[in-house]
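These notes concern the structure reproduced below.
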Amino acid sequence: MPERRILGVRRPFFFGIIVLLLALGVISLLSGALGRSFLGDIGLPSWLIVESPQPQLPPEEIFSVLGFSITNTMLTAWLTIAILGGIFYAATRKMKLVPSRLQTMLEAAIGWLLSFCEDIAGKENGRRFFPLVATLFLFVLANAWLSLFPGYGSILVTNAHGETVHLLRGANTDINLPLALALTSFVMVEYWGLKSVGVFRYLKKFFNAGRFIGGVRQVFRGKVKEGLGGLVNGAIDVFIGFIELLSEFVRILSFTFRLFGNMTGGEILLLMMLFLAPFVLAIPFYGLELLVGFIQALIFGGLTLVFATIAVTPHTEEAH
Amino acid sequence: MEGLGINLPSLLAQIVNFAILLGILYLVAYKPIMRMLDERSRRIKESMEQTEEIKQQVEKAEEEFKKRIEQAGRKGQEIIDQAVLTGEEVGQKVRAEAKKEAEALLARARAEIRRERDEVIDELRQEFADLTILAAGKVIEQSLDKEAHRQLIDRVLEESTELKKG
């Protein structure tokens, strides 16, 4: 009689794991802040007790080189760059027409991003925007997912100022990084817009006073009725232009704080869950954070792509 | 701003980091992978086109083959017809020749017969003349001038047309 298997493992083994997880869950409830607040101290060893996290927004300095402080988020950004570069280098070092497993995987990822760009922005523009969009996506995604590894937020070092700080911290949770990405995205979008549409035509979207001036002229010529109509429409044009201009800059803020808020919030959520119940119970939240990281990366890359597509589309004059 | 941790050096450093990452990924990821993807799709397109072409060629070849077979069949029939015709012609010719030859043979035979008959007639006449002379000599008991008699008889024979050479 063949052995009964559950999820590919032998039955006793499977139930063993379930029991272990349950036990860990109970311990985690007892040792976490939840259990301790209900039951009081029941004499668990101190290494099981997780201290209350004290999250703080600015990144901490690990060491400084020539007065330039290297923060823990800077370190993890470099780590991300090294890992991304390393993986892609390993995959593309010996490219073959019939690909290896790693090559297939990364080719699929890049191919997906490429078709994403080409679908939204068209063949030619999609290829133009692709490197920036793909890099934004990959960087944000890698930062988010790497920060879920054990070691992030748990290795403590003492820095030059004598403070005890975390060695690694998710790079997305340092506001400088989202801001840097948002600024890059903004600058590139405006650059593409100016280059494709032409400086004057592009800026006309924001500073559209043509009809207003025309209205003023007509009023001075004595055609008050037509002039006033022109003035009203012109004022609306100017106002809309102003709002358009404002929205371009607001994008920087929304880009920055969307990513920063989501990532920092996620990190604090995980820390709090670990504080409340150190084992097992926090696992679903790691799954959630995987999803959030992916979505944030997709939003950052996708919005940049959409803004760039809008910027290079010539602003057509409405027919009057 | 301090509370959030924004500071210019870090910001610049992150922008530089991003630029470096973009550069690295462009070199090790986007350029080679895009080239590979393009290359692969080009090959697939090419081989599909080739397949189409080969299919068309095969179709054309098949058509050509059919046409050839048909042609060959027709030609074979033609040759057979020709051969039959030629055979008939040859037969006719042979028959005609045989007939001619036979006729010639017949004519020659006839001529021969006639000649022989003439000879025989001549001979007979000769003998008859001699006999006549002899008989006449006997009858009249006198020897006639042989020469004069012959001439006489010959004249008589010339006059009679029945035994003329035919």
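Chain naming here is simple, since letters A, B, ... match the order of the sequence lines and numbering starts at 1 in each.
For Phe186(A), the CZ atom sits in a packed shell: over 12 heavy atoms of surrounding residues, nucleotides or ligands are nearer than 6.0 Å. Other residues, nucleotides and ligands contribute only 12 or fewer heavy atoms inside 6.0 Å of the CZ atom of Arg68(B). For CD of Glu49(B), the number of neighbouring non-hydrogen atoms (other residues, nucleotides, ligands) closer than 6.0 Å is greater than 12.
Highest contact tally toward chain B, considering only Thr264(A), Leu84(A), Leu181(A), Ile81(A), is held by Ile81(A) [criterion: heavy-atom pairs under 4.5 Å]. In terms of non-hydrogen atom pairs under 4.5 Å with chain A, the most contact-rich of Leu12(B), Ile15(B), Leu21(B) is Leu21(B). Contact count against chain B (heavy-atom pairs under 4.5 Å) is highest for Leu179(A) among Thr71(A), Leu179(A), Leu106(A). With chain A as the partner, the residue from Glu39(B), Met34(B), Arg35(B) showing the most heavy-atom pairs under 4.5 Å is Met34(B). Of the listed residues (Ile24(B), Ile20(B), Asn17(B), Leu37(B)), the one with the most heavy-atom contacts under 4.5 Å to chain A is Asn17(B).
Heavy atoms closer than 4.5 Å to chain B are found nowhere in Leu113(A), neither backbone nor side chain. When heavy atoms are compared at a cutoff of 4.5 Å, Leu136(A) approaches chain B by way of both its backbone and its side chain. Within the 4.5 angstrom heavy-atom criterion, only side-chain atoms of Arg127(A), from C-beta onward, approach chain B. Proximity to chain B (any heavy atom under 4.5 Å) is restricted, for Leu114(A), to the side chain, taken from C-beta onward. For Leu22(B), the parts lying near chain A are the backbone and the side chain together; criterion is any non-hydrogen pair under 4.5 Å. Residue contact with chain B, scored on non-hydrogen atoms closer than 4.5 Å, is absent for Ile87(A). Both the backbone and the side chain of Ile33(B) come within contact range of chain A, with heavy atoms under 4.5 Å apart. Of the atoms belonging to Ala134(A), heavy atoms from both backbone and side chain fall under 4.5 Å from chain B.
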- Task: Before giving the answer on side-chain contact (heavy atoms from CB on, under 4.5 Å), spell out for Leu11(B) and Ile175(A) the whole-Å C-alpha distance, their side-chain angles and the decisive distance to 0.1 Å.
- Result: CA-CA 9 Å; Leu11(B) 183 63; Ile175(A) 195 160; over 6 Å; no
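In this structure, Asn176(A) CG and Gln14(B) CD are separated by 6.5 Å, a value rounded to the nearest 0.5 Å.
Counting only N and O atoms by type, the side chains of Thr135(A) and Tyr26(B) include no donor and acceptor under 3.5 Å apart.
Using cut-offs of 30° and 60° on the angle between ring planes, the pair Phe130(A) and Tyr30(B) is perpendicular.
Not a single donor-acceptor pair under 3.5 Å links the side chain of Thr92(A) to the backbone N or O of Ala29(B).
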